[in-house]
Amino acid sequence: MKHILTIMKKEFARFFKDRRMVFSVLILPGLLIFILYSILGSSISKQITQENNKTAIVYLIDESSMIRSKMEEIPNLELKSEINDPKKLDALFDQLENKKIDIIMEFSPNFDENIGQEELPEISIYYNSSNSISMSAYTTINTLLDSLQHQSLFHTNLHSDIQYDVASNEEVMGSIFGMILPFLIIALMFSSCISVAPESIAGEKERGTMATLLVTPIKRSEIAIGKVLSLSIIAVLCALSSFLGTIAALPSMMNQMMVDTATTMEIEISYQLKDYLLLLFIIISTLLVLIGIISIISSYARSVKEATTLIAPFMILIMVVGIFSMFTEQNESHHVALYFIPIFNSLIAMRDVFTFNIHVLPILITILSNFVYASIIIYLVTLMFKSEKVMFGR
Amino acid sequence: MMKGSGHMEIVLEAKNLKKTFKLSKKQQKLEATKETVKVAVDDLSFELYQGEIYGLLGPNGAGKTTTLRIISTLIKPDVGEVFVHGYNICKEATKVRHCIGFLTSELKLESFFTPNYLYDFFSSLHDVDPQMAKQRKEMLFKKFGIDQFAEVKVENLSTGMRQKVSLVISLVHDPDIIVFDEPTNGLDVLTAKMVTDFLKELKQEGKTILISTHIFSLVEKICDRVGILINGKMILSQPLKDLTSEKSLEDVFFDIYQKEMEGKVL
């Protein structure tokens, strides 16, 4: 244990006494992520604002005067009334599919009279998710109806067998956050690991300083564990930097978007402490796996250059997994087995957190399986440090 | 136990060592051979006595460095055994590493750190008592003039300064057996003289020293016994004075080398 600590102290001294390294590995990622997310947030909100500024055409079929009066307060909604005539409705649905109009709201008969009665009245809101104006208007109207605490007064889109989204052939994309952020976080973590691990392991081999360590009486497993642990701690600090950058940028990004979307209504949607903690655990466990994999590659490589070259295909693999995870459908039927696949599990688990779709078991599987993978990897690195062929041969 | 250097205890014994390396296609091309395996050390046996300086003499590629790497536990032999103070280098490597100080040009120091930091770091890895380490550091730093640049990063030191620091660091644990590969290679005359004198001092302190070199004058100056290594085989192992009674070491070596090469051709 004493030797492991000695090795770790040396690794920390090597890292923290190098100002350039501290800046590029610890400070820069957090700063970059903050700037990146802030720009991302403002550009998304700008896009939403633009969409909100465009007038959405909303058809109210057998309208409720109460709902109409509330909707009239929302800017950029052009409300049109229509009676429930099947022929006219068909024509309107064609227009909705062709993006000529944006929303059709169909009210059940005698809507206003039945509000709050035993048999609650219904509103069917038809929209087109492939039309951004329609989606924006749909979100705005839903927010309004939520603010009216409608669940006790009336139902909306009640029937699961009815397809309210007329864009049936369009794949409904997941949340923007859930799609992009996990991938960005993994990419940043990976780049942090690359900046510390190859230098510490392949670099030591290349410069001949590893051999100097290997002739000392400490066990090779102690060198391996000391290195992997210290690199992991440095990488965790680095991840914390990314994490702080994220939490610094997220609230303003969320508020900006939600306020824009909901226009004049105040909506409070933000991540809770438990969400941040879950994210932190997912990030730490993922980092251990990443640093372990890069340590294996770095141990095998004869030089930093070779290590970087060997890491490149792995980086591409991570990118592919990241992109694949973006388009993996997110729903409750998510197979639990997916959360055992390293890296991919972290991506989908982070997405679950970002999209408020948290289920304890998958997240727990992700974190625990990552710790198990990290332990196996550390054992493999130890074996590699013991191998004469790996350390001196090839 | 009488052999060459009087009544002395054997501190290191190498028995029938053999080490082979697989040759990559690139290496085969470089060495102009179709052999896929290179025998670096072949049936090598010798022993070291307490308090002597033993010189392994041979041309490049003779297997000197491989032999020293085996003894220092960096690599394992394919066949054969080495005992250091009775400890098997393969089975009790940690104990062996406590007894041996190894210095070779392939062992480098991390250039980011200062000699002071590195000395403390390696002392700690060798489990040297901090008080003892401090005293020994003061003594060695003063002796080699390292105290003048103890807080300068290794990357800013000259080759000679770095070699001094490497030498001192290989001795942090005050080892009984010192194994130096080409100890004066690349050094300026002053530093080379300093190292040579230091090796003599260590011998007087009762340390056992094994050096590999191809510099005849160095062997003649400091060695008690010499082993001539050609193509991985120990051709002879004798006291220096017996070898050089009639001819210079250089002449003896080339006679042996020529005979070996002729034998190989025939």
Side-chain angles (χ1 to χ4, degrees), chain A residues 1-22 25 196 199-227 230 234 302-304 306 383 385-394, chain B residues 19-24 26-27 65-66 68-78 87 90 92-114 117-118 120-128 153-155 162 165-166 169-170 172-173 175 179 181:
Chain A
M1 189 64 195
K2 180 196 155 209
H3 291 147
I4 293 175
L5 287 176
T6 308
I7 294 284
M8 287 175 75
K9 267 190 219 165
K10 196 254 315 181
E11 292 296 325
F12 289 144
R14 173 71 189 87
F15 181 81
F16 288 107
K17 285 183 179 175
D18 190 337
R19 283 181 204 158
R20 276 179 301 180
M21 204 177 251
V22 169
V25 176
V196 290
E199 171 60 28
S200 170
I201 298 176
E204 285 230 35
K205 274 176 77 179
E206 183 180 6
R207 294 188 298 269
T209 51
M210 183 65 86
T212 315
L213 270 183
L214 295 177
V215 292
T216 61
I218 73 168
K219 289 177 188 162
R220 292 180 184 189
S221 58
E222 290 176 319
I223 302 175
I225 294 170
K227 274 194 175 286
S230 52
I234 291 171
R302 282 169 293 194
S303 63
V304 176
E306 190 183 343
L383 288 184
F385 271 57
K386 285 180 181 173
S387 163
E388 174 189 320
K389 197 178 170 189
V390 171
M391 284 293 117
F392 304 107
R394 295 208 298 118
Chain B
K19 182 72 183 175
T20 56
F21 294 107
K22 278 186 185 168
L23 290 179
S24 63
K26 193 179 168 187
Q27 288 167 321
T65 302
T66 303
L68 299 195
R69 290 172 86 194
I70 291 172
I71 290 169
S72 64
T73 75
L74 268 181
I75 58 175
K76 288 178 181 172
D78 300 338
Y87 300 125
C90 293
E92 296 157 297
T94 307
K95 286 177 180 166
V96 172
R97 289 178 195 140
H98 273 294
C99 312
I100 284 185
F102 182 48
L103 179 67
T104 164
S105 54
E106 77 175 315
L107 299 187
K108 300 275 168 49
L109 299 173
E110 277 209 63
S111 55
F112 181 80
F113 294 111
T114 63
Y117 181 90
L118 287 169
D120 293 342
F121 172 65
F122 283 100
S123 289
S124 174
L125 293 186
H126 279 281
D127 293 320
V128 183
K153 282 184 182 175
V154 171
E155 63 194 6
R162 285 184 197 201
V165 178
S166 295
I169 281 174
S170 71
V172 287
H173 53 307
V179 179
D181 187 15

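Lettering of chains follows the sequences in order, A, B, ..., and the numbering in each one begins at 1.
A distance of 11.0 Å separates CZ in Phe112(B) from CZ in Arg207(A), rounded to the nearest 0.5 Å. Residue Glu110(B) holds its CD atom at 7.5 Å from CG of Leu213(A), rounded to the nearest 0.5 Å. For the atom pair NZ of Lys10(A) and OH of Tyr117(B), the computed distance is 7.5 Å after rounding to the nearest 0.5 Å.
For Tyr87(B), the OH atom counts as loosely surrounded, since its 6.0 Å shell holds 12 or fewer non-hydrogen atoms of other residues, nucleotides or ligands.
Using a cut-off of 4.0 Å between Lys/Arg side-chain N and Asp/Glu carboxylate O, Glu388(A) and Lys19(B) are scored as salt-bridged.
With a 4.5 angstrom heavy-atom cutoff, Glu222(A) does not touch chain B via any of its atoms. Only the side chain of Phe113(B) has a heavy atom closer than 4.5 Å to any heavy atom of chain A. With a 4.5 angstrom heavy-atom cutoff, Lys22(B) does not touch chain A via any of its atoms.
Thr216(A) and Arg97(B) get closest at one heavy-atom pair: O-CD, 2.9 Å.
At a threshold of 4.5 Å between non-hydrogen side-chain atoms, the residues Phe122(B) and Val215(A) do not count as touching. Looking only at side-chain heavy atoms (C-beta outward), Ile7(A) and Leu125(B) come within less than 4.5 Å of each other.
Partner Pro217(A) forms a side-chain contact (heavy atoms from CB on, under 4.5 Å) with one of His98(B), Lys95(B), His173(B) and no other, that one being His98(B).
For the options Thr73(B), Asp127(B), Leu109(B), heavy-atom pairs under 4.5 Å to chain A are most numerous at Asp127(B).
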